[in-house]
Amino acid sequence: MILSPSSSINPNLQLIFQSQVETSYQWRISTLDERVARLKKVRAWIKDYQQDIRDALANDFSKPEPETDLTEIFPVTAEINHTIKHLKKWMQPKSVSTPLPMLGTTSKIYKEPKGTSLIISPWNYPFNLTIGPLISALAAGCTAIIKPSEMTPHTSELIARMISELFNSNEVSVILGEVAVSQALLQLPFDHIFFTGSPAVGKIVMKAAAEHLTSVTLELGGKSPVIVNEDADLKDAAEKLIWGKYVNCGQTCIAPDYVLVHKSQEEMFLSEMKVALQKMYDPDFKGIDQSPDMARIVNDKNFQRLKGYIDDAVAKGAKIAFGGKLDPQSRYIEPTILTDVTDEMLVLQEEIFGPIFPIVPYSTLEQAIAYVNSKPKPLALYYFGNDSEHASKVLGETSSGNAVINDCVIHYLHMELPFGGVNNSGIGKAHGYHGFMAFSNEKGVLKQRVGLNNVTLLRPPYGIRAKQIIESLIKWF
Ligand code: NAD
């Protein structure tokens with residue numbers, strides 16, 4: 001791929017891109033050992049500089065160290081270890097059976113690297129969501145240009161340092177910058193774009209990709225609902241949901257966004273949620289703002305956005321059942337549970353992406369399902385309940401990227417499961433084999449024997465014999 005010299009793209013980006021195109025031709029034939037070596041050096045760097053990663057995240061939004069270890073480092077090292085273990089099998093061409101009309105041929109599906117890739121990542125898990133896709137790209141044999149988020153500058157700069165220490169810019173390169181940089185990169189004819197971010201920007205990425213017919217993986221967001229069935233263990237559900245909601249201070253793409261709970265159990269469930277919050281984040285009754293385990297809102301813009309959601313809800317009649325304290329100085333928002341919410345409120349319209357948890361009572365399971373289906377298809381759906389028939393009903397009658405029964409969020413760590421959304425919450429899947437496939441082209445290869453041709457009898461001039469054979473092909477195959 002040669003870019004036209006008249007192109008308006010920044011010449012520096014063009015040079016890096018062009019050098020990666022050339023490397024991608026060589027990497028098409030990179031061996032298992034070469035790919036594994038690339039993955040191992042990433043793993044070694046992470047091990048050597050684990051404290052630097054923790055410090056960067058703490059500087060960006062006071063992310064607690066245990067959460068950095070659990071949600072930024074562990075998912076990446078798990079992805080690397082899983083990939084190294086299975087890559088040989090994933091890379092192997094897969095033989096397929098030969099249908100009768102193809103008798104005499106043999107066929108295989110090869111997985112070839114797509115080539116040059118662009119990885120654009122968000123701020124909320126800035127290390128994990130940048131290096132995770134890179135692992136899949138390297139496993140597939142792709143080069144990569146990475147554009148991390150401008151909103152977490154400490155982590156983005158650390159990633160730039162890491163990549164420059166491990167790779168030449170013609171292999172993997174980090175381009176730092178704001179939206180304009182992202183838009184300039186999107187003009188380049190990449191072979192694949194892996195984007196993680198909001199649905200609104202996902203649409204911009206897909207439009208730009210269409211210009212070059214570049215394939216995309218879009219890992220987007222949205223409102224992930226929770227249905228608590230009448231037979232659920234409320235204490236168990238509340239404890240799991242409080243952790244899933246408040247890890248990273250609610251700034252998680254798969255955070256439970258709102259809870260549908262049976263109206264007869266709303267009070268009891270609410271009190272279990274309060275107990276769980278107290279136990280996890282304020283065991284000594286000093287205030288949750290004193291907890292070392294609660295991260296902060298990433299920046300003032302998001303702080304104001306979330307404050308706006310609370311103000312809007314309260315102005316329209318919602319009640320603050322827990323929390324509601326805010327400190328703009330430290331960008332602290334106390335875990336806030338809202339009741340008496342309605343669809344006119346922003347909290348039930350927009351992805352919350354913060355520590356606000358609305359509770360929506362329902363009368364029948366059908367009504368809860370209809371409510372979920374009235375909104376765009378979510379990234380994840382969480383169902384709590386003991387009855388497997390009800391669980392099957394919810395799974396069967398709703399659509400979501402992923403679903404979890406009797407827990408939330410933890411499916412992200414399961415490397416055998418495809419991770420991603422559907423329609424508004426995303427296109428394509430990540431993790432393990434599914435991530436490897438996002439960066440691979442499945443090439444079907446058929447091998448014929450010299451001198452043998454299955455369609456000899458079907459060549460023109462088409463006589464009666466050819467017509468008979470075609471008729472039987474239609475009839476029997
Ligand atoms: P965002 O879409 O604002 O930004 C993501 C990236 O896109 C950043 O690197 C940014 O610089 C770039 N960008 C922003 N505007 C752009 C534009 N107009 N043109 C080109 N590039 C642009 O998202 P965010 O605020 O960083 O992250 C929050 C969103 O990401 C939420 O919706 C969340 O649900 C979603 N998310 C999804 C996943 C997932 O795995 N599905 C994971 C994390 C976050």
Side-chain angles (χ1 to χ4, degrees), residues 1-7 17-18 20-32 35 87-118 136-137 139-143 186-194 203 205-218 399 418 420 422-423 426-429 433-477:
M1 168 71 60
I2 309 287
L3 287 168
S4 98
S6 62
S7 164
F17 176 78
Q18 197 57 50
Q20 289 213 359
V21 170
E22 272 141 40
T23 303
S24 74
Y25 296 152
Q26 295 156 25
W27 278 19
R28 269 188 197 152
I29 49 164
S30 57
T31 61
L32 172 70
R35 295 187 198 187
L87 189 55
K88 184 176 176 194
K89 192 169 147 217
W90 298 346
M91 284 173 67
Q92 259 159 15
K94 185 175 162 229
S95 295
V96 293
S97 60
T98 306
L100 214 53
M102 293 287 124
L103 209 61
T105 67
T106 51
S107 298
K108 287 183 182 175
I109 301 169
Y110 286 76
K111 270 81 69 112
E112 62 177 25
K114 282 188 178 169
T116 52
S117 67
L118 171 63
S136 299
C142 291
T143 62
L186 285 170
Q187 290 179 48
L188 292 164
F190 284 96
D191 296 305
H192 188 70
I193 299 175
F194 193 109
K203 289 176 193 173
V205 170
M206 198 165 171
K207 273 190 197 144
E211 195 58 40
H212 304 289
L213 293 177
T214 296
S215 58
V216 290
T217 304
L218 303 177
S399 175
V422 50
N423 297 128
I427 292 177
K429 300 288 168 174
Y433 176 70
H434 312 280
F436 167 81
M437 287 309 294
F439 289 91
S440 302
N441 172 43
E442 278 191 296
K443 183 157 79 179
V445 178
L446 180 144
K447 192 173 166 202
Q448 177 64 288
R449 278 185 279 168
V450 178
L452 190 75
N453 186 331
N454 301 54
V455 289
T456 312
L457 294 169
L458 302 177
R459 285 177 184 162
Y462 299 119
I464 184 74
R465 184 94 183 100
K467 285 182 188 160
Q468 282 169 346
I469 295 173
I470 293 167
E471 264 170 35
S472 44
L473 282 177
I474 293 170
K475 190 167 175 193
W476 298 110
F477 298 104

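- The nearest pair of heavy atoms linking Lys114 to Ser215 is NZ-OG, 3.0 Å.
- The minimum heavy-atom distance between Met206 and Val216, with the atom names listed, is CG-CG2, 4.4 Å.
- Side-chain contact check for Thr31 versus Arg35: every heavy-atom pair is 4.5 Å or farther apart.
- The line from NE2 of His212 to CG of Leu186 is 9.0 Å long, rounded to the nearest 0.5 Å.
- Checking side-chain atoms of Ser30 against main-chain N and O of Gln26 turns up no donor-acceptor pair under 3.5 Å.
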Between Thr217 and His192, does the side-chain hydrogen bond (donor to acceptor under 3.5 Å, both in side chains) criterion hold? Intermediate values first, please. CA-CA 8 Å; Thr217 304; His192 188 70; 2.8 Å; yes
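- Results of the ring pair (Phe, Tyr, Trp, His ring centres under 6.0 Å) test with Phe439 over Trp90, Phe190, Phe194 single out Phe194 as the only residue that passes.
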Show the numbers, then the answer: is there a side chain to side chain contact (heavy atoms under 4.5 Å, CB included) between Met437 and Glu442? CA-CA 8 Å; Met437 287 309 294; Glu442 278 191 296; 3.3 Å; yes
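- A distance of 12.5 Å separates CD1 of Ile469 from CD1 of Ile474, quoted to the nearest 0.5 Å.
- Summarising the geometry of Pro93 relative to Lys108, their closest heavy-atom pair is CB-CD, 4.0 Å, with the distance given to 0.1 Å.
- Across every non-hydrogen atom of Cys142 and Trp27, the tightest pair is O-CZ3, 3.3 Å.
- Side chains of Leu446 and Thr106 form no contact here, defined as non-hydrogen atoms less than 4.5 Å apart.
- In this structure, CD on Gln468 lies 10.5 Å from CD1 on Ile470, to the nearest 0.5 angstrom.
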Evaluate side chain to side chain contact (heavy atoms under 4.5 Å, CB included) for Leu87 paired with Phe436, printing each intermediate quantity in order. CA-CA 9 Å; Leu87 189 55; Phe436 167 81; 3.8 Å; yes
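- Using a 4.5 Å heavy-atom cutoff, the side chains of Leu188 and Leu118 are not in contact.
- Side-chain atoms of Lys94 and Ser107, non-hydrogen and from C-beta on, never get closer than 4.5 Å to each other.
- Remark: of the listed residues Thr116, Asp191, Thr143, Thr143 is the sole one forming a side chain to side chain donor-acceptor pair (under 3.5 Å) with Gln20.
- The distance from atom CG of Leu32 to atom CD of Gln92, rounded to the nearest 0.5 Å, is 9.0 Å.
- Smallest separation of non-hydrogen atoms from Gln448 and Gly104: OE1-O, 4.1 Å.
- For the residue pair Ala209 and Ile193, the shortest heavy atom distance occurs at CB-CD1, 4.0 Å.
- Inter-residue side-chain proximity for Asn441 and Lys111 is flagged as unmet; no heavy-atom pair is nearer than 4.5 Å.
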